[in-house]
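Note sheet for the following structure.
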Amino acid sequence: MNRERPRRSAHRADYHQVLGSHLRALREARGITGLEMTKRFPMSTASVSKIENGQRGPSPTSLGYYCDALEIGVVDLLAQVGVTYRLHRNPFSAQEPSQTTLWLDGLALYAGLPSLRTLDDPVDLVLPGEVNGIPEQCLVLPNNEVRRVREQAAEILAVDGLAALELAAESRAERWRLAAAGEGSEASKLRSNIRYVEWSRIAASCWR
């Protein structure tokens, strides 16, 4: 029985358009033709066309072929695409995120994790109901805690892949949930709760 291929969301379609256009622009800038790509790597002309026209996203293997041809690291490439995509979605953005943020954002977008947004967006630091009731003056803490969690998530995603990130996020979310409910100072519980919320959001994003 043939299984119907799931439809892409509008956001994923937009992202694939931006990624494909970026790959085509880089390829052309280096004077590499689409035909040369098919000769150098086990890719068909149709695959190159569909990827560069945004009709589908490149697999990790195909993305690796492009990185080899373009002589660029995959993390740096995806960071570039992430910046272009964010500006495509919001041309008036004035954010200047850190390099670590750009790496994480690029990896997250490629993997399809919509909740891992640019860290420097203040809206992204609004926390779910689990931490309601925390005094407003304490909310200066989330920025560093969220950044720390997402740096760890980016490393797991880059090294071990999406499935490993999902398992790690679920495990760490439970660990910090228990820590937040246990004994300790208010500051310690606050940090644990923020980490619990963020790892929970990442775990949910892995299968969203």
Side-chain angles (χ1 to χ4, degrees), residues 9-12 15 73-76 78-208:
S9 68
H11 287 289
R12 292 303 288 161
Y15 175 72
V74 65
V75 175
D76 291 320
L78 293 177
Q80 293 175 6
V81 175
V83 170
T84 304
Y85 174 75
R86 295 302 182 190
L87 290 173
H88 169 72
R89 300 292 302 178
N90 179 15
F92 304 103
S93 174
Q95 298 179 51
E96 295 184 4
S98 67
Q99 185 60 57
T100 299
T101 295
L102 294 178
W103 286 333
L104 171 56
D105 200 45
L107 285 164
L109 285 167
Y110 177 70
L113 305 180
S115 289
L116 295 183
R117 295 171 293 177
T118 302
L119 304 186
D120 300 278
D121 182 355
V123 175
D124 201 34
L125 297 181
V126 176
L127 301 175
E130 286 91 337
V131 293
N132 281 349
I134 295 175
E136 287 187 12
Q137 61 267 30
C138 293
L139 291 181
V140 296
L141 246 64
N143 194 22
N144 288 335
E145 295 302 326
V146 168
R147 188 184 305 278
R148 184 175 294 109
V149 167
R150 294 187 180 187
E151 286 174 352
Q152 293 170 2
E155 183 176 356
I156 294 169
L157 182 62
V159 175
D160 299 317
L162 184 59
L165 175 59
E166 181 178 6
L167 290 173
E170 290 175 349
S171 172
R172 296 183 188 198
E174 178 63 12
R175 186 178 81 192
W176 290 115
R177 183 189 70 79
L178 293 173
E183 298 181 356
S185 66
E186 288 303 311
S188 175
K189 289 184 178 181
L190 174 60
R191 288 188 179 88
S192 296
N193 214 350
I194 291 168
R195 293 171 187 171
Y196 156 60
V197 170
E198 195 57 30
W199 280 115
S200 296
R201 295 165 82 183
I202 292 171
S205 296
C206 290
W207 48 263
R208 191 171 292 171

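If you read the sequence from its start, that first residue is 1, and numbering goes on from there. No hydrogens, no waters, no symmetry mates; every other heavy atom, side chains included, goes into these values.
Shown here are the side chain to side chain contact (heavy atoms under 4.5 Å, CB included) partners of A164, two or more places apart in sequence or in another chain: I156, D160.
Scanning all heavy atoms of the two residues, the minimum distance from A179 to S192 falls at CB-OG, 3.6 Å. In terms of heavy-atom proximity, W176 sits nearest to W199 at CD1-CD1, 3.7 Å.
With rounding to the nearest 0.5 Å, the separation of CG in N193 from NZ in K189 is 10.0 Å. Between atom OH of residue Y196 and atom CD of residue E174 there is a gap of 8.0 Å, rounded to the nearest 0.5 Å.
With salt bridges taken as basic N to acidic carboxylate O contacts below 4.0 Å, none links R195 and E198.
At least one side-chain heavy atom of V81 sits under 4.5 Å from a side-chain heavy atom of Y15.
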